[in-house]
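For the single chain, residues carry numbers from 1 onward in sequence order.
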Amino acid sequence: MVWTTEAAFARFYEEVNLPGDHRTTANARREWVVDRLRNNGIEVLEAIAFGSIPRYTALKEHADVDVMAVLHYGKHIKDRRPSQVLLAVKNALGTGQAGAGRRNGQAVTVSFQSWPNIDVVPASRVNDNNGKVTGYEIPDMTREIWLPTNPPQHSSDIAAAVTARGSRFRRVITMLKHWNRRQPVKLQSYHLEVIALKLSTSWDDYSWPVFKWFELAQSEIHWCWHAGQDVSGYLNYEQRQAITAQLASATNTARSAWLKACTDKHSEAIPLWRNVFGMKFPTYG
């Protein structure tokens, strides 16, 4: 039973968060990817487990392991389209004990009989004039372009934000991922997290930063510049319009819920938050 909005959010987090430290499992899947690719002629320079599991923002029952396989540029990426590189990685991973591999815009997903599955993202290194690795490029076969990225830096940014803003920062991201998953048109997780990093506000409770994230996100759908790229570039016009409408609706309800909580009207605030987040958000009482 919950009687306050803060208690409701705490219960909600327990309901949607993937508990425990699953980095050992993620590392085992990473090693499987490396072995499989190398055994089938793909030269992997390094493999990085990234995404929601190592950043502790994973959703219960909906988290896969993300592995960025950094390939030899000259042998596997130079003069090749993103779709060609993804297809080569898919063929090298094969099926066998892992089940069926499939392609999507930026990764090859390998399905296992036991949790978790793997999203394998091929990548190449970006070096400065001194040969130092400054980032990576990953494929987007939908647009046939290569995208700049730096998962280790992003993970460091998230960890630094948690240190500066407190544990609610990471928990709010997890809750918002649940909201996002329920929407007809979805944001990429990286986009969602970047918006959270841009959010400059108090983290003394849950209601206020959640409301402010919805409010800020509306202006970050059409243009969201971060780490040298427009993070929103994967969205087309129709998707941007749909997500903006979703965010506007959530913002209005979240504003009302926050105001109710501020005046200790928790019996009215909690149902409003339940309208935003769905059935997994607890009821009052």
Side-chain angles (χ1 to χ4, degrees), residues 18 20-73 75-77 80 82-126 133-142 146-159 173-174 177 188-194 227 234:
L18 176 67
D21 185 345
H22 299 277
R23 287 176 294 181
T24 299
T25 301
N27 289 336
R29 291 288 197 255
R30 181 192 63 195
E31 294 306 312
W32 183 93
V33 168
V34 171
D35 290 343
R36 192 81 171 209
L37 291 176
R38 287 176 175 167
N39 290 338
N40 287 282
I42 302 290
E43 185 170 344
V44 181
L45 304 182
E46 61 177 318
I48 302 169
F50 69 104
S52 60
I53 288 180
R55 290 200 290 269
Y56 299 105
T57 59
L59 291 175
K60 187 186 300 181
E61 301 173 353
H62 300 289
D64 292 334
V65 170
D66 298 306
V67 175
M68 188 171 72
V70 183
L71 309 183
H72 188 286
Y73 178 79
K75 294 181 179 179
H76 306 296
I77 293 178
R80 291 175 173 84
S83 58
Q84 293 174 314
V85 174
L86 283 162
L87 180 59
V89 169
K90 173 184 178 294
N91 290 337
L93 290 170
T95 54
Q97 68 183 54
R102 63 178 176 81
R103 291 183 299 165
N104 60 28
Q106 297 176 6
V108 176
T109 301
V110 184
S111 299
F112 285 76
Q113 293 182 349
S114 61
W115 179 88
N117 297 330
I118 316 174
D119 286 334
V120 182
V121 181
S124 63
R125 287 171 173 166
V126 176
V133 177
T134 58
Y136 305 87
E137 288 188 341
I138 61 174
D140 180 345
M141 66 172 284
T142 303
W146 292 91
L147 302 173
T149 190
N150 196 334
Q153 182 60 53
H154 184 63
S155 294
S156 295
D157 292 343
I158 293 292
I173 287 177
T174 303
K177 286 184 176 181
Q188 291 183 352
S189 291
Y190 177 66
H191 191 178
L192 186 154
E193 291 177 353
V194 165
Y234 64 96

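- Separation of atoms CH2 (Trp146) and CE (Met141) is listed at 11.5 Å; rounding is to 0.5 Å.
- Minimum heavy-atom separation, Val34 to Ala47: CG2-CB, 3.3 Å.
- With rounding to the nearest 0.5 angstrom, the CD atom of Glu31 is 15.0 Å from the CZ atom of Arg36.
- Listed for the Arg80 side chain is a donor-acceptor partner under 3.5 Å among the backbone atoms of Lys75.
- In this structure, the side chains of Thr149 and Met68 come closer than 4.5 Å at one or more pairs of heavy atoms.
- Asp157 and Gln153 share a donor-acceptor pair across their side chains, judged by distance under 3.5 Å alone.
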query: Where do Ile173 and Ile158 land on the side chain to side chain contact (heavy atoms under 4.5 Å, CB included) test, with the steps shown first?
result: CA-CA 10 Å; Ile173 287 177; Ile158 293 292; 4.2 Å; yes
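- Between Tyr73 and Val126 the shortest side-chain heavy-atom distance does not fall below 4.5 Å.
- Proximity of a side-chain donor or acceptor of Asn150 to a complementary backbone N or O of Thr134 within less than 3.5 Å is detected.
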message: Run Glu137 and Ile77 through side chain to side chain contact (heavy atoms under 4.5 Å, CB included) and show every step you take.
response: CA-CA 10 Å; Glu137 288 188 341; Ile77 293 178; over 6 Å; no
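- In this structure, Thr57 and Thr174 approach most closely via the heavy-atom pair CA-OG1, 3.3 Å.
- The two residues Gly105 and Thr142 have their closest heavy-atom pair at CA-OG1, 3.9 Å.
- The salt bridge (Lys or Arg N to Asp or Glu O under 4.0 Å) analysis of residues 60-72, with sequence neighbours excluded, yields no pairs.
- Applying the salt bridge (Lys or Arg N to Asp or Glu O under 4.0 Å) rule to pairs touching residues 48-59 yields Arg55-Glu193, sequence neighbours excluded.
- For His76 (side chain) and Ile42 (main-chain N/O), no donor-acceptor pair under 3.5 Å exists by modelled atom type.
- The closest side-chain heavy-atom distance from Trp32 to Ile118 is below 4.5 Å.
- Taking the side chain as every heavy atom from C-beta outward, Val85 and Leu71 approach each other to under 4.5 Å.
- Scanning all heavy atoms of the two residues, the minimum distance from Leu37 to Ala92 falls at CD2-CB, 3.8 Å.
- Neither side chain, Lys177 nor Ser52, offers a donor N or O lying under 3.5 Å from an acceptor on the other.
- For the residue pair Val110 and Val120, the shortest heavy atom distance occurs at CG2-CG2, 4.5 Å.
- Here the closest non-hydrogen pair linking Leu18 and Ala63 is CD2-CB, 4.1 Å.
- For Phe50 and His154, the gap between ring centers reaches or exceeds 6.0 Å.
- With rounding to the nearest 0.5 Å, the separation of CD1 in Ile53 from NE2 in His22 is 7.0 Å.
- How far CG of Asn39 is from CG of Leu93: 11.0 Å, rounded to the nearest 0.5 Å.
- Of the inter-residue distances, the one linking Phe112 atom CZ with Arg29 atom CZ reads 4.5 Å to the nearest 0.5 angstrom.
- For Arg30, there are no salt bridge (charged side-chain N to carboxylate O under 4.0 Å, His left out) partners at least two apart in sequence or on another chain.
- Residues Ser124 and Tyr136 fail the side-chain proximity criterion, which asks for heavy atoms closer than 4.5 Å.
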